[in-house]
Structures are given as C-alpha cells and as structure tokens.
Amino acid sequence: MSDDFNAPRGTLDWLPARQAARHAMIERFRELCIGAGYAEAATPVFEEKALFSRTAGESSEVVGKEMYLFEDQGERMLALRPEFTASLMRLYLGNGLSREAQPVRLWCAGSCYRYAAVQRGRYREFTQVDAEAIGSDDPAVDADLIALQLRWYRALGLEGVELRINTIGDQGDREPYLALLRDYLDAHLDAVDDEIRRQRDVNPLRAFDTKHPPSQAVMANAPKIADHVSEAATEHFAAVRAFLDARGVEYTVDPTLVRGLDYYCRTTWEFAWPELGGQSGIGGGGRYDGLAESIGGPATPGVGFASGVERVLLALEEQERLPATPRPVDAFFAIFTPAARPELHALLDVARDAGVVCEADLAGRGVKGQMKQADRIGAARTVVCGDDEWTRRVCLVRDMTSGQQVEVPLAGLVEHLVNAKG
RNA sequence: GUGGGCGUAGCUCAGCUGGUGGUAGCUCCUGGUUGUGGUCCAGGCGGUCGUGGGUUCGAGUCCCAUCGCUCACCCCA
C-alpha cells in the first residue's frame, strides 16, 4: 500500500478501539467533575496569540517556539491553543462569571496543539482534560483539585502514580529569589553544563530539572524557592498540605519542582507515572493568582490542572487496564431470501426504536457468512428468515448460546426480541 | 531543533556473505453436497519490499537523500 497522504506529523488517527477507550476516559472524568461540582465549559480551539504569550510568558518554550500560529483573512494573529487555562480565564472574565458564587469551578476536555519534537506520549495534537477553580485563594481549593485529579487516575484503575508538590511563592517573591539563584549559578558556572548557562538569564528555575549529574550535584545545594517565599505563601502551602493529609492523599514535597509556564504561583504539583519514561508526567497543575491581571482583568485567584489523555492511555495500555467498552448486540438478522430484505431491514428500525440493538448483513454474504457474522459480533440471538419462513410470514429466532430455535411470526418479532432482552 | 535504531501483505514477522518476493501465522472472502456460527480442512483476495536516486550483469539485501515510526536529549500534559 502506498498512500499519498499520512496523518500530519505528530497527529494521531483514532481507530475505534482506542477512540472508545479515550471517550470512556473523558466520560469518567466528566462523571467525577459533576460529582465534585465542576461544570463543563468549552472554548475555541484557536485564540488571539497574545492571550497565550501574555499569560504563559514569552520566555516559556511553549509560547516561544511551540505555538501553531497563523494570520486569518482579517490580519488577526491567532494561535491554536497550547493549553486551556488562559482560555478559561478569558471566558471567566469576559462573561461576568465573577458575579456568580465563587469559586467558579469549570472543566473541559479537548485537543491542544504544540509544535514540539514528536515522541511516544508527546504529540503535536493531543488531548487534555482540564479542571479549574477561579475566584478563591482558599487552600482547600488547591487540595480539592489535586484530590479530583487523583480520583480520576484511581477511577481508571491506574496504579503507581506519584504526586510531587511544591510552592513557588508569590509574584513578589520571584525576582528576589531569582537574583539569589543567579548569584549561586554564577558562582558555580564552571561546574554546570551549557544548557544551564544558556537558561541562566531567561529561566534559571529550569536548572533544577537538569539530568546532567555534575549539574545535579550543584543544584542539590542551590537555594530552594520554598525557603525564600513570603510568610503568607508558606502558610498557604502548609494549609494545602494539611487538607491533603486529612484526605489521605500521598505526596512528596519536591523543592525543585517548577512549572514551565510563567503564570504559576504558590502551589504547584505534578503527577507522574514513572514507567512511561521520558514523558512520565501525566498531569500537572498549580495556582495562578496573577493570571487574570496579566490579561487586563481584576486581581482574581485561580488554581487548576490539566492531564494528558494520551499519556494516561499509554499507561493504562501498559497495565492492560484499558476501559472496556462492550457493545452488547441483541440480535442479528440473517436473511437468506433477497426478497425479504427490505421488509426485514425496515423491522430493524422498529426494533431499534424499541431499544433492541440489532443489525443485518450489509455485504451480500451467504448463509454461512451471515451466521459467522452473527457469531463474530456476539449477537445474543439470530433471526433467521429464508424462503420457507418468508412464505409463511414467520422467522426463526436462534439463541446463539444454546443453539435452540423458536418460530416467531414476523408481526410479533420485535415484541419477542424486546421480551427476550429481559 | 540534535543524536541512535527501524521501515517486507490489513496486523505480526521470515528472507543467511546482493542471484526470480514467503505453501509463514492472524485477519478477510468463498467452499466442505440441498438453508444455520464458534473447531477443523481446502481454496482465494492481498505487496511497484516507505519513497527517490546511485553502485552492479543483477538490489528487499550495498551507498546517498527524503519521508515516516521509534528511543534519548530538550520541552511539557
């Protein structure tokens, strides 16, 4: 086979089995969100570029080089959304949701886009589930979201997820700390690798993520942000942890955990499934109390998380825990007399209206082929209609498990199937 | 963006130091005496060996390029 077209690099075709699993995962997320008081919202797939560059920060990789950008016929500079948070904040601010009971809790699911090197678990079009609580700085909200995220992984049967949390303080804490960190890096420049030197000005926090062993040794003694944040932020973090402890959520405090997007402050967290290798981060979140102001809104606290559906799906596949999606078929109509097909196909609709899951041969198969098809799709019963039955206006209903057949008048077939269904 | 590995039927793969693509397995289709599935048997459909160049009498096999997949760096969900 030599097709002229492939799916664009970094995109996925979703065949029925995996699509059903993905759908089931999102459905599970929906149920948990509803149960926790989060309502579904949806935003456009593309937004003004500035919405993302102003919030995530020009220095972030995501905004700096991974956004899909395009100009429309009206010369507007647009971007395919790389994430949901900024869009949901825009939705909140632009639709007067600050007048509703706070915090406004929203969730959504859909595709996001980032132009990054493709790898297992990292695609250019990928699916995220997302939950946000906007309008309250109560530490209980942070814990509520973390618990919600964890409950999703548990509900899907994913085992072995690890949670790391940290606080990165308030906006006012950031600059003095970064100055401190830069001083420390400058004092050890000869011992760290080039990447860190390159990031020194733009994003020195990333130095903590280094995989270069000598650099790791240096960073182990570097000043940690959690030790240099305001008293208010420290207290807030302690409160978040108290809520998590009370809820029985296990975590490790990781003072080197930083997030890639500039708008985060205070609580940050990340869930990982280590066996996934390079893309082990399956979902992360954090607080973003300064985000609203960066897009011209009033000071509005917020906190939320996103999780990569493909990554969680990969983890579930490795654990052989894909959500099962059985499709119980009540009846297959095996029609051996061509003349009977139109009327029996019409009966399919009647039966379907009555709640019977049923189908018939659509490929001109012979007797054996039709029976085989009935078996293959797992039909509980097969309705057989050949010359003899058709002449007598009846059909045979065969129980595919026991092999027993009963004769049923065509006029009473649907009723019979409904009753047989139980 | 930078490196490593791989690319043979719908799927999983054989194919030895270049010499005519596999009775391979699974799937799919059709049969195995008159209208009945799951097992078994037989037959059939299906590949320009990712693509384009090159070396050679001859390339699936060697070389180059390109595209795709994959792993790592990087980034993040």
Side-chain angles (χ1 to χ4, degrees), chain A residues 1-12 15 56 60-66 81-85 109-130 149 193-196 198-199 203 206 209-212 258-261 264 269-273 276-286 304-315 332 334-337 340 361 363-390 395-405:
Chain A
M1 197 192 79
S2 61
D3 285 345
D4 291 332
F5 293 108
N6 296 102
R9 181 159 177 73
T11 65
L12 259 19
L15 266 39
S60 70
E61 292 276 333
V62 170
V63 165
K65 38 186 166 177
E66 295 186 354
R81 64 185 176 204
E83 51 127 11
F84 283 114
T85 306
S111 301
C112 294
Y113 303 82
R114 292 182 195 176
Y115 187 85
V118 177
Q119 211 175 121
R120 174 181 161 83
R122 192 170 70 194
Y123 309 102
R124 290 179 177 172
E125 178 182 64
F126 58 101
T127 314
Q128 281 194 343
V129 295
D130 182 284
Q149 191 175 357
D193 73 349
D194 295 344
E195 184 59 27
I196 293 180
R198 203 173 58 75
Q199 294 265 14
N203 198 351
R206 296 240 63 92
D209 286 342
T210 183
K211 304 218 167 107
H212 179 61
V258 297
R259 309 249 79 223
L261 305 173
Y264 283 111
W269 70 89
E270 184 168 304
F271 280 92
W273 198 72
L276 230 40
Q279 269 57 243
S280 62
I282 55 174
F305 70 82
S307 188
V309 174
E310 287 81 2
R311 289 185 186 179
V312 176
L313 184 57
L314 284 170
F332 182 86
I335 308 161
F336 305 152
T337 302
D361 172 57
R365 275 182 264 260
V367 174
K368 181 173 180 168
Q370 290 194 48
M371 292 309 294
K372 187 170 176 152
Q373 181 65 4
D375 182 60
R376 186 158 39 201
I377 64 173
R381 269 162 264 279
T382 299
V383 173
V384 176
C385 187
D387 289 338
D388 178 48
E389 291 81 16
W390 179 239
C395 61
L396 300 171
V397 178
R398 177 184 180 85
D399 182 305
M400 295 298 276
T401 310
S402 67
Q404 289 181 330
Q405 298 185 168

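A quick note: this is a predicted structure, and the numbers were derived from the prediction, not measured. The sequence lines fix the lettering, A, B, ..., with proteins before strands; numbering per chain opens at 1.
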Whole-Å distance, A:E270 CD to B:C75 P, equals 12 Å

What heavy-atom pair brings A:Y113 and A:F126 nearest, and what distance separates the two atoms? N-CE2, 4.0 Å

In this structure, CZ of A:R81 is separated from CZ of A:R114 (nearest 0.5 Å) by 12.0 Å

A:R9 CZ to B:U66 C1', in whole Å, measures 13 Å

Calculate, to the nearest 0.5 Å, the distance between atoms CD and CH2 belonging to A:Q279 and A:W273 respectively. 14.0 Å

Sub-4.5 Å side-chain heavy-atom contact between A:M371 and A:R398: yes

For B:A72 and B:U27, measure between their P atoms and round to the nearest Å. 34 Å

When rounded to the nearest 0.5 angstrom, what is the spacing between CD in A:E310 and CD in A:Q128? 9.0 Å

Rounded to whole angstrom, note down the P distance from B:A77 over to B:A9. 38 Å

Distance between the P atoms of B:U39 and B:G1, in whole angstroms? 49 Å

For RNA chain B, what residues of residues 123-130 of chain A have any heavy atom nearer than 4.0 Å? A:Y123, A:F126, A:Q128

For A:R120 and B:C73, give me the distance from atom CZ to atom P, rounded to whole Å. 14 Å

With rounding to the closest Å, how many angstrom separate the P atoms on B:U30 and B:U66? 47 Å

In whole Å, measure the gap between the C1' atoms of B:U23 and B:G54 for me. 36 Å

I need the CZ-C1' distance between A:F271 and B:A77, as an integer number of Å. 13 Å

Please round to the nearest 0.5 Å and tell me the distance separating atom CG of A:D361 and atom CZ of A:F336. 10.0 Å

Most 5' of A:G281 and A:T11 on RNA chain B, judged by nearest nucleotide: A:T11

Residues 374-387 of chain A, side-chain donor-acceptor partners within the protein, below 3.5 Å, at least two apart:
from: A:R376; atom 1: NE; to: A:Q373; atom 2: OE1; distance (Å): 3.1
from: A:R376; atom 1: NH2; to: A:Q373; atom 2: OE1; distance (Å): 2.8
from: A:R381; atom 1: NH2; to: A:A420; atom 2: O; distance (Å): 3.2
from: A:D387; atom 1: OD1; to: A:T337; atom 2: OG1; distance (Å): 2.8

Of the candidates B:A77, B:A72, B:G35, the side chain of A:Q119 sits closest to B:A72

Ignoring hydrogens and angles, answer whether the base of B:C76 and the side-chain atoms of A:R311 contain a donor-acceptor pair closer than 3.5 Å. yes

Give the intermediate values and the outcome of side-chain contact (heavy atoms from CB on, under 4.5 Å) for residues A:R124 and A:V118. CA-CA 7 Å; A:R124 290 179 177 172; A:V118 177; 3.7 Å; yes

Taking the same atom, P, in B:U8 and in B:C49, what whole-Å distance lies between them? 11 Å

Partners passing salt bridge (charged side-chain N to carboxylate O under 4.0 Å, His left out) against A:R9 (at least two apart in sequence or in another chain): none

CD of A:Q279 versus C1' of B:A72: gap in Å, rounded? 10 Å

Pairwise C1' distance for B:G22 and B:U61, with rounding to whole Å: 15 Å

At 4.0 Å (heavy atoms only), tell me whether A:A306 reaches a base, stays on the sugar-phosphate, or touches nothing. sugar-phosphate

Under a 3.5 Å cutoff on both atom distances, Watson-Crick or G-U, what's the dot-bracket for RNA chain B ([ ] crossing, | other strand)? (((((((..((((.....[..).))).(((((.......))))).....(((((..]....))))))))))))....

Minimal heavy-atom distance between A:E66 and A:A116, with the atoms involved, is OE2-CB, 3.7 Å

Give each protein N/O atom lying under 3.5 Å from an N/O atom of nucleotides 36-39 of chain B, with the pair distance.
from: B:U36; atom 1: O2; to: A:Q405; atom 2: OE1; distance (Å): 3.2
from: B:U36; atom 1: N3; to: A:Q405; atom 2: OE1; distance (Å): 2.8
from: B:U36; atom 1: O4; to: A:Q405; atom 2: NE2; distance (Å): 3.4
from: B:G37; atom 1: O2'; to: A:D375; atom 2: OD2; distance (Å): 3.3
from: B:G37; atom 1: N7; to: A:R398; atom 2: NH2; distance (Å): 3.1
from: B:G37; atom 1: O6; to: A:R398; atom 2: NH2; distance (Å): 3.0
from: B:G37; atom 1: N1; to: A:M400; atom 2: O; distance (Å): 2.6
from: B:G37; atom 1: N2; to: A:D375; atom 2: OD1; distance (Å): 3.0
from: B:G37; atom 1: N2; to: A:M400; atom 2: O; distance (Å): 3.0
from: B:G37; atom 1: N3; to: A:D375; atom 2: OD1; distance (Å): 3.3
from: B:G38; atom 1: O4'; to: A:D375; atom 2: OD2; distance (Å): 3.0

Applying a 4.0 Å non-hydrogen cut-off, can you work out what A:E83 is touching in the nucleic acid: base, sugar-phosphate, or nothing? nothing

Sugar-phosphate only, base, or nothing, as touched by A:R122 at under 4.0 Å among non-hydrogen atoms: base

Please list, chain by chain and in numerical order, all residues satisfying salt bridge (charged side-chain N to carboxylate O under 4.0 Å, His left out) with A:E389, sequence neighbours excluded. none

Which comes earlier along RNA chain B counting from the 5' end, the contact point of A:R114 or that of A:A363, where each point is its nearest nucleotide? A:A363

Closest non-hydrogen atoms of A:F84 and A:C112, given as atom of the first, atom of the second and distance, are CE1-SG, 3.7 Å

Using atom types as modelled and distance alone, determine if a side-chain donor or acceptor of A:E270 lies under 3.5 Å from a backbone N or O of A:G284. no

Quantified in whole Å, what is the C1' atom distance between nucleotide B:C41 and nucleotide B:U33? 16 Å

